[in-house]
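This report concerns only the one structure given below.
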Amino acid sequence: MPNLHRLARAELPEDPAELAGFLVGKLVVRQAPEGNCEGSCSGRIVETEAYLPGDAACHAFRGRTPRNASLFLPRGHAYVYVAYGTAMMLNVSAGPPGIGAGVLLRALQPVDGIDVMQIRRGNVPLRDLARGPGRLAAALAIGRALDGIDLCADGPLFLADDLTPPGDVGRSVRIGITRDADRPLRFYQRGSRFLSGPRWLNR
DNA sequence: TTGACGATATACT
DNA sequence: GTATATCGTCAAA
């Protein structure tokens, strides 16, 4: 997979909602330690959600804590947390420096290293490999160890441009939240079959 | 949120 | 008719 242009921080929109839309159609690349190509894989982002400052659903809403500290890093850093005591969630820090906002990566269209993702996820159908934030993190072997890393740097996990341009990007309310649940801050690639959520949200 | 399960639908030998 | 895929519901952590 040649021609991988890593996303530079300056390319990322400063506005969290803009960033969420911008990320749809981009690539997330997972590199195994020691340059071991065996465990490397990547996928095209097809679904994201923005969590803004002042947003009751945002983990930074009640201020900075050891757990959510990564949300306050300059945009483009990883914020990884555990949901439901079992599922890992991968976010991209967003917004102006020190503000505390993020973009949740919700679904991926597997691109490279499908075999290794298959191993990590069990032999589920290709469609379910990274459909849903928890599954996405599992497919990429995301753990707390990756919390706080720079996604714009050459490391174990980074963002890159995809060859094929983003198609129509749809917008809807976010999934699985109770507070501030009616704001249209979910972004998805229209027509993708790798989306999570009920069908009526993916119009 | 995910995995399991039953019902349903589409596909193909 | 058997296999594979999609959909809604339900329980668990």
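Every chain is numbered from 1 and lettered A, B, ... according to where its sequence line falls, protein lines coming before strand lines.
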Query raised in the report: Between A/Met117 and A/Arg135, does a side-chain contact (heavy atoms from CB on, under 4.5 Å) hold up when you go through it step by step?
Result: CA-CA 10 Å; A/Met117 292 194 261; A/Arg135 291 164 168 174; over 6 Å; no
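Nucleotide B/dT1 holds its C1' atom 11 Å from the CG atom of A/Leu104, rounded to whole Å. Between the CG atom of A/Leu201 and the C1' atom of C/dC7 there is a distance of 15 Å, given to the nearest Å. In this structure, OH of A/Tyr84 is placed 5 Å from P of B/dT1, rounded to the nearest angstrom. We find that CG of A/Leu195 is positioned 15 Å from C1' of C/dT6, with the value rounded to whole Å. One can place CG of A/Leu126 at 16 Å from P of C/dT4, the figure rounded to the nearest angstrom. In this structure, A/Asn123 atom CG and B/dG3 atom P are separated by 13 Å, rounded to whole Å. At whole-Å resolution of the value, CZ in A/Arg135 and P in B/dT1 are 11 Å apart. Between A/Arg131 atom CZ and B/dT1 atom C1' the separation is 12 Å, expressed in whole Å.
Here the nucleotide nearest the side chain of A/Arg127, chosen from B/dT1, C/dC7, B/dG3, is C/dC7. The side chain of A/Arg199 has C/dC7 as its nearest neighbour among C/dC7, B/dG3, B/dT1. Side chain of A/Arg121, nearest nucleotide from C/dT6, B/dT1, B/dG3: B/dG3. Set against C/dA13, B/dT2, C/dT6, the side chain of A/Ala87 has B/dT2 as its closest nucleotide.
Among the heavy atoms of the strands, none lies under 4.0 Å from A/Pro198.
Within the 4.5 Å cutoff, the side chain of A/Leu12 has heavy atoms near those of the A/Cys152 side chain. Counting heavy atoms from C-beta outward, A/Asp180 and A/Phe61 have side chains that stay 4.5 Å or more apart.
Side-chain N/O atoms of A/Arg193 include none lying less than 4.0 angstrom from OP1 or OP2 on C/dA5.
If you check the side chains of A/Ser192 and A/Gln109, you find no donor sitting under 3.5 Å from an acceptor.
In this structure A/Gln189 satisfies the side chain to side chain donor-acceptor pair (under 3.5 Å) test together with A/Arg44, sequence neighbours excluded.
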